[in-house]
Undergrad: 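Supplied in structure tokens, the structure appears directly below.
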Amino acid sequence: MSQVLGPAAPLPLLQPPAAPAAVSHRDLRDDTFWQQLPGYRGLSAEEFHDYRFQSRNSVTSIAKLQEVLRDLVPASFYQDVSQGVLRSTMSLRISPYILSLIDWHDPVDDPLRLQFMPLASRGVPDHPELALDSLHEQAHSPVPGLTHRYADRALFLALDTCPVYCRFCTRSYAIGLDTPNVEKVHFGASTERWEQAFAYIASRPELEDIVVSGGDVYNLRPEQLEHIGKTLLEMDNIRRLRFATKGPAVLPQRLVGDDAWVGALLGVVERSRQLHKSVAVHTHFNHPREITAITRTGLDRLAEHGVVVRNQCVLQRGVNDQAETMQLLVKRLSYVNVQPYYVFVHDMVKGVEELRTTLQQAIDLEKQVRGTTAGFNTPAFVLDTMGGGGKRDVHSYEHYDREHGIAVFTSPTVRPGAYFYYFDPVHTLAPQIQQRWQDGAERAAVIHTALKEAESRPRP
Ligand SMILES: *Cc1c(COP(=O)(O)O)cnc(C)c1O
Ligand code: SF4
């Protein structure tokens, strides 16, 4: 039943008490969920939530997957995963924690399975305009592993490993082990390379803000984390640091139990306070189910010391593209003191076309999310443009042809005068349009038309 309210109509008041569903974001899972997996059946909470157990038992091969799941899934599932891994740009690596949170009664459509475990049977051909390193990070790198795209901030890739490997990683050109498809550019945790990056950062007075990423700073040794953090903070020009890690989402046990690593982080944060500068942790939760009671325990440790934690989420079809899921994620993150910062439209990444949504879906979802909770906990929906134009608000396109699935953006602060494209997944378009994308000349014509439309728009 819908009703149009005129300007003078009184608004209905909220009716307390709220239904239990309205506060379901507070229901954090606290059961022995891992015991549904044959390989973890005998483990107590203490054993399973030991961070050393979690890192040592990460599943990195089909053989290990079989040891844990045994007959929980049919042989055909294992075959599907092995075929998927062969075609993937990322190596397989899943923590026991994430593996146990997958619903093994329906792994094919499970939002966590989708992110970490490829199934060949679910693959969709890549968009014809797609390339490795679509964001051109390497082209904007004055020093290997340092991308300086925006004037006042830079992205420093300190290392090239992570506690898990996400199928959809934008940095598949560098992160993780080589795969049959990709021989990677490696950015190992090397002091020599770091020194070059530090020298560059110190030599650029306009730089104030460094994103220390990778890879994942969870995989730095405590003394390495401390060395990077303190070296950067001591530079006069540097005011802000962010440490990027997926750790809290996939291996929260480390925040609970690894005193040396957490201690190093807190040491850097403390130093930033003495210097009147700021350090934040940027993490990467994509689905509300990734947040359980142990996550909260881990994050509480950071909250106790006033550490600011923000979230950068990747919008994925079947994972978090439904309004209820994204609303729940935003509320649950806020509840555990993580500030939802960005929702990224899925980059054009090889081998994961089935995970991308259209730009329009991102715009629609933003409308559903804003208003769910406080404005400071409401994520910005952004798109990182192909070709290195940087992040743009999803609504700020110059031109968007939904029929052909092509959007054109400008980026006045990064590359004035240049145009950047985003392409909706071809499989979401009408059959005759899909045909056009498969033909080189037709494709060029579609892109040319979109560019002309964008150029004809009056601009300030
Ligand atoms: C995302 C990003 C940053 C940080 O940008 P914010 O919008 O401030 O989060 C810096 N450098 C590069 C290359 C980036 O991709
Ligand atoms: S944790 Fe981040 S860098 Fe590592 S694989 Fe996932 S998306 Fe890529």
Side-chain angles (χ1 to χ4, degrees), residues 58 60 88-95 98 112 115-116 118 133-143 145-177 179 182 184 187 197 201 204 206-220 239-251 278 280 282-286 290 310-314 316 319 339-344 346-347 349 351-352 355 379-393 411 413-415:
S58 285
T60 51
S88 180
T89 57
M90 297 299 289
S91 28
L92 190 68
R93 189 172 184 92
I94 310 174
S95 60
I98 289 292
L112 306 192
Q115 297 179 65
F116 300 102
D133 188 14
S134 74
L135 306 182
H136 287 197
E137 289 190 339
Q138 294 175 93
H140 282 181
S141 295
V143 175
L146 185 84
T147 302
H148 188 185
R149 172 170 301 148
Y150 305 99
D152 71 343
R153 52 210 195 280
L155 170 69
F156 172 35
L157 308 182
L159 74 171
D160 57 11
T161 63
C162 305
V164 294
Y165 291 119
C166 314
R167 292 177 54 206
F168 52 89
C169 183
T170 291
R171 238 160 259 145
S172 57
Y173 69 88
I175 305 304
L177 309 173
T179 67
V182 194
K184 312 211 169 191
F187 301 123
I201 294 168
R204 301 296 295 235
E206 72 273 32
L207 279 177
E208 285 189 358
D209 178 343
I210 306 297
V211 181
V212 184
S213 184
D216 191 309
V217 299
Y218 234 46
N219 281 11
L220 289 173
R239 303 287 307 162
R240 299 174 291 281
L241 286 191
R242 322 176 204 176
F243 285 116
T245 172
K246 197 162 170 72
V250 295
L251 218 150
S278 77
H282 277 216
T283 190
H284 178 183
F285 289 91
N286 288 326
E290 293 155 7
R310 305 191 187 102
N311 191 61
Q312 308 195 169
C313 166
V314 178
Q316 292 161 84
V319 174
Q339 200 179 329
Y341 174 44
Y342 278 145
V343 173
F344 288 103
H346 201 300
D347 289 332
V349 176
V352 284
L355 294 179
F381 281 64
V382 295
L383 177 149
D384 216 338
T385 51
M386 292 167 66
K391 300 175 187 64
R392 310 307 301 158
D393 183 293
S411 188
T413 52
V414 175
R415 297 258 306 275

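Keep in mind that the numbers below use all heavy atoms, side chains included, and drop hydrogens, waters and symmetry copies. Read the numbers this way: they start at 1 and go in the same order the structure lists the ligands and their atoms. None of the values given here were measured: they were computed from a predicted structure.
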Undergrad: Distance under 4.0 Å to a non-hydrogen atom of T147: what atoms of ligand 1 satisfy this?
TA: 13 (C)
Undergrad: Can you list the ligand 1 atoms lying under 4.0 Å from a non-hydrogen atom of Y150?
TA: 2 (C), 3 (C), 10 (C), 11 (N), 12 (C), 14 (C)
Undergrad: Look only at the side chain of T245 and the backbone of G247, and say whether a donor-acceptor pair between them is shorter than 3.5 Å.
TA: yes
Undergrad: What protein N/O/S atoms are found closer than 2.8 Å to atom 6 (Fe) of ligand 2?
TA: C166 SG
Undergrad: For the backbone of F285 and the side chain of N311, can you confirm whether one donor and one acceptor N or O come within less than 3.5 Å of each other?
TA: yes
Undergrad: What is the nearest protein non-hydrogen atom to atom 15 (O) of ligand 1, stated with its residue, atom name and distance?
TA: K391 NZ, 3.1 Å
Undergrad: When you measure from the side chain of K391 to the backbone N and O of L383, does any donor-acceptor pair fall under 3.5 Å?
TA: no
Undergrad: Return yes if some donor-acceptor pair links the side-chain N/O of D216 with the main-chain N/O of Y218 below 3.5 Å, else return no.
TA: yes
Undergrad: Look at atom 7 (O) of ligand 1 and say which protein heavy atom is nearest, naming residue and atom and giving the distance to 0.1 Å.
TA: Y342 OH, 2.5 Å
Undergrad: Does G214 offer a backbone N or O that forms a donor-acceptor pair with the side chain of R171 under 3.5 Å?
TA: yes
Undergrad: Backbone, side chain, both or neither: what part of R242 comes under 4.0 angstrom of ligand 1, heavy atoms only?
TA: side chain
Undergrad: Look at the side chain of S172 and the backbone N and O of T89, then say whether any donor-acceptor pair between them is shorter than 3.5 Å.
TA: no
Undergrad: Between H282 and F243, is the ring centroid distance below 6.0 Å?
TA: no
Undergrad: Let me know which of R239, R153, R242 forms a salt bridge (charged side-chain N to carboxylate O under 4.0 Å, His left out) with D209.
TA: R242
Undergrad: Going by side chain to side chain contact (heavy atoms under 4.5 Å, CB included), F168 matches just one of N286, D347, V319. Which one?
TA: N286
Undergrad: Suppose we measure from atom 6 (P) of ligand 1 to each protein heavy atom; which comes out shortest, and what is that distance?
TA: Y341 OH, 3.4 Å
Undergrad: Closest by any non-hydrogen atom to atom 5 (O) of ligand 1: pick that one out of R153, H140, H282.
TA: R153
